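To start, the structure under review is shown below, and the notes come after it.
Lettering follows sequence order; numbering is per chain, from 1. Being a predicted model, the structure only gives us computed values, none of them experimental.
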Amino acid sequence: MLDIKVIREREEDVRRALASRGAQVDLDGILELDRRRRAHLTEVETLKNRRNVVSKEIGTLKRTGQDTAALQAEMRAAGDRITELDQQVRGVEDALNEALLRVPNLPHASVPVGADASGNQVVRTHGEPRRFDFEPQPHWQLGKRLKLFDFERAARMTGAGFPLYWGRGARLERALIQFMLDLHTKEHGYTEVAPPFLCNAASMTGTGQLPKLAEDMYHVPLDGLYLIPTAEVPVTNLFREEIIQDPLPIRLTAYTPCFRREAGAAGKETRGLIRVHQFDKVEMVKFVEPESSYEELERLVKDAEDVLQRLGLTYRILALCTGDMSFAAAKCYDIELWAPGQNAWLEVSSCSNFEDFQARRAQIRYRNAAGKVSYVHTLNGSGVALARLVVALLENGQQADGSVCLPEALWPYMDGVKRLE
RNA sequence: GGAGGGGUGGCUGAGUGGUUUAAGGCGCCGGUCUUGAAAACCGGAGUGUCCUUACGGGCACCGGGGGUUCGAAUCCCUCCCCCUCCGCCA
């Protein structure tokens with residue numbers, strides 16, 4: 001959420017920044033609500049002041065046995081008017097808040113300007129796409145022959161897009177989770193947390209999934225809960241409505257499954273594991289002081305890259321442009337893996353700095369060096385998302401006979417199994 | 001799911017309708033004293049928001065929301081959470 005004071009005082013800057021990301025926002029309407037809110041407040045608070053003073057006076061008069069009927073009658077009328085004005089204030093505040101919750105974050109000055117994904121910039125590429133002396137197969141063929149997963153049975157028990165891993169496929173999934181958590185906790189300085197997989201509406205609003213993206217989530221109306229689309233939600237909301245007492249930065253990592261309805265994506269990239277309704281992911285989340293958040297963003301990307309480098313995979317880093325960034329991000333890097341069976345790059349991580357956008361929504365604050373309470377900056381990034389990581393491992397490690405060589409870093413996690421065959 | 005007990009500031013803990021502008025204690029910050037520290041003493045300190053160039057002032061906040069009243073931490077309704085016991089259960 002943007003600070004209404006910033007909108008009020010730097011209206012033209014805000015307009016320009018929102019336009020650069022192609023956002024349609026009724027700033028005039030928001031500013032008008034803001035004006036009305038303040039005008040109403042001034043009026044009702046003057047009345048309340050009078051009521052407080054007179055009520056105290058009534059108390060004093062009554063103690064000395066004097067008649068207060070006239071004053072009480074006057075205050076009753078004032079009370080009615082206060083009730084009326086309070087309702088107006090609430091109405092305006094609700095409308096203002098509702099509008100502000102739908103305004104996206106402002107892009108950082110370093111974000112490339114562009115209208116859509118074609119404006120994204122390749123920051124760096126690591127490794128070379130592997131050359132094959134045979135026709136590389138897509139992962140669904142490799143996985144079927146090696147009995148790593150069973151999409152047909154999973155579709156029968158649940159539905160399309162809910163993968164079922166089998167045998168060494170299931171083991172590979174678990175091994176990768178373990179490998180990534182170990183790396184982040186033992187070498188990158190993160191603390192592991194294991195959060196709930198469902199969150200309430202307030203948490204979903206805090207990180208920015210609600211109100212705009214409701215149709216992208218699985219909802220359990222009976223309990224008012226949503227299945228998490230990413231561990232970002234529970235882990236960022238860990239400190240919701242708190243003034244954090246622990247020293248910053250706080251770096252957390254969590255494994256969770258992720259659930260996404262992928263509304264509107266039907267028929268697109270739906271084959272195999274590329275786009276699914278449930279996938280596993282290891283996430284990294286940081287709470288930092290504003291001064292260091294961009295430094296922390298670069299470190300976050302490095303921590304995600306380390307996973308891929310140790311697995312010997314070819315990837316590239318994209319700086320997303322203004323028009324392609326997600327709602328809450330001020331700056332975002334995507335990491336894409338090369339998948340030879342698709343002849344395409346697959347997004348396996350999105351590393352974002354939200355600055356104080358989520359912190360303001362979720363009321364996550366800390367005391368700065370001067371002792372003043374202020375909003376933290378929040379960041380998160382996948383480190384990394386599993387299903388597509390498995391795709392890249394299978395397609396890059398495949399041999400002419402259809403077997404798959406696993407990178408050395410995984411051998412200890414696979415009981416020494418070096419090759420799936 | 002049933003019954004009972006609770007939710008007050010960073011922590012602890014008083015407060016059942018009007019000098020409560022939320023007592024006291026602990027912790028915290030500043031000062032005096034000291035070579036330094038501790039102790040003691042003195043002082044300070046919440047969050048949000050509105051008005052104001054500033055100085056300063058107002059309003060709101062005692063788990064959330066609503067109500068009664070001239071006036072609510074206090075009374076009423078409702079929801080949430082925590083604790084104890086019972087039931088069920090991996």
(message) Without decimals, in angstroms, what is the distance between A:Asn200 CG and B:C79 C1'?
(response) 14 Å
(request) Would you name the heavy atoms of A:Lys281 and A:Ser382 that are closest together and state the gap between them? (result) CD-CB, 3.8 Å
(message) Under 4.0 Å, heavy atoms only, any strand: does A:Arg367 hit a base, just the sugar-phosphate, or nothing?
(response) sugar-phosphate
(request) Between B:C11 and B:C28, how far apart are the C1' atoms? Round to whole Å, please. (result) 11 Å
(request) Kindly point out which of B:U47, B:G18, B:A60 is positioned nearest to the side chain of A:Arg365? (result) B:U47
(message) In this structure, how many angstroms lie between the P atom of B:C70 and the CZ atom of A:Arg81, rounded?
(response) 19 Å
(message) What's A:Val54 touching, base or sugar-phosphate or nothing? Going by heavy atoms closer than 4.0 Å.
(response) nothing
(request) Would you kindly give the CD1-to-C1' distance between A:Ile82 and B:G58, to the nearest whole Å? (result) 13 Å
(message) In whole Å, measure the gap between the C1' atoms of B:U8 and B:A22 for me.
(response) 8 Å
(message) Taking the minimum atom-to-atom distance to the side chain of A:Lys62, which one of B:G18, B:U47, B:U49 wins?
(response) B:G18
(request) Using side-chain contact (heavy atoms from CB on, under 4.5 Å) as the criterion, point out the one residue from A:Val113, A:Asn120, A:Asp116 that pairs with A:Cys321. (result) A:Asn120
(request) May I ask you to verify if any side-chain N or O of A:Arg38 is less than 4.0 angstrom from the OP1 or OP2 atom of B:U49? (result) no
(request) Hunt down the Watson-Crick or G-U wobble partner of B:U16, both distances under 3.5 Å, from any strand shown, or write none. (result) none
(message) Judged by each residue's nearest nucleotide on RNA chain B, which is more toward the 5′ side, A:Asp3 or A:Thr83?
(response) A:Asp3
(request) Can you tell me, in whole Å, how much space there is between the C1' of B:G64 and that of B:U53? (result) 39 Å
(request) Report yes if a side-chain nitrogen or oxygen of A:Asn52 is closer than 4.0 Å to either non-bridging phosphate oxygen (OP1 or OP2) of B:U21; otherwise report no. (result) no
(request) Can you tell me the distance, in whole Å, between the CD atom of A:Glu93 and the C1' atom of B:C50? (result) 11 Å
(message) In whole Å, I'd like the distance from the CD atom of A:Glu43 to the C1' atom of B:G58.
(response) 15 Å
(request) Could you work out the separation of B:C62 and B:A14 based on their C1' atoms and round it to a whole Å? (result) 13 Å
(message) Does a side-chain N or O of A:Arg76 approach OP1 or OP2 of B:U69 to a distance below 4.0 Å, or not?
(response) no
(message) Could you check whether A:Glu215 pairs with A:Arg261 (Lys NZ or Arg NE/NH1/NH2 to Asp/Glu carboxylate O, under 4.0 Å)?
(response) no
(message) Roughly how many Å apart are B:A39 and B:G30, using the P atom of each and rounding to a whole number?
(response) 14 Å
(message) Within the 4.0 Å heavy-atom criterion, would you say A:Leu71 contacts the bases, only the backbone, or no part of the nucleic acid?
(response) nothing
(message) Restricting to non-hydrogen atoms, name the atom on A:Ala329 and the atom on A:Asn105 that form the minimum distance, rounded to 0.1 Å.
(response) O-CB, 3.6 Å
(request) Please state the C1' separation for the pair B:G18 and B:U12 - nearest whole angstrom. (result) 28 Å
(request) May I ask which nucleotide in the shown strands pairs with B:C85, Watson-Crick or G-U wobble, both distances under 3.5 Å? (result) B:G2
(message) The side chain of A:Arg8 is closest to which nucleotide in this list: B:G48, B:C70, B:C50?
(response) B:C50
(request) Find the distance A:Asp80:CG to B:G67:C1' and express it as a whole number of Å. (result) 14 Å
(request) Write down the distance separating the C1' atoms in B:C29 and B:C81, rounded off to the nearest Å. (result) 34 Å
(request) Identify the nucleotide, in any strand shown, that forms a Watson-Crick or G-U wobble pair with B:G48, with both distances under 3.5 Å; if there is none, say none. (result) B:C59
(message) Ring centres under 6.0 Å, that's the criterion: do A:Tyr226 and A:Tyr218 meet it?
(response) no
(message) Nearest to the A:Lys48 side chain among B:G71, B:A60, B:G48, which nucleotide is it?
(response) B:A60
(request) Give me the ring orientation class for A:Phe149 and A:Phe151: parallel if the planes are under 30° apart, tilted from 30 to 60°, perpendicular past 60°. (result) parallel
(request) Return the minimal non-hydrogen interatomic distance between A:Phe327 and A:Leu101, and the atom names on each side. (result) CZ-O, 3.3 Å
(message) Tell me the interatomic distance from A:Glu9, atom CD, to B:C50, atom C1', rounded to whole angstroms.
(response) 14 Å
(request) For nucleotides B:C75 and B:C41, find the distance between their C1' atoms and express it as a whole number of Å. (result) 44 Å
(request) Go through B:C59, B:C70, B:C51 for me and flag the one nearest to the A:Asn49 side chain. (result) B:C59
(request) For A:Leu96 and B:U49, give me the distance from atom CG to atom P, rounded to whole Å. (result) 13 Å
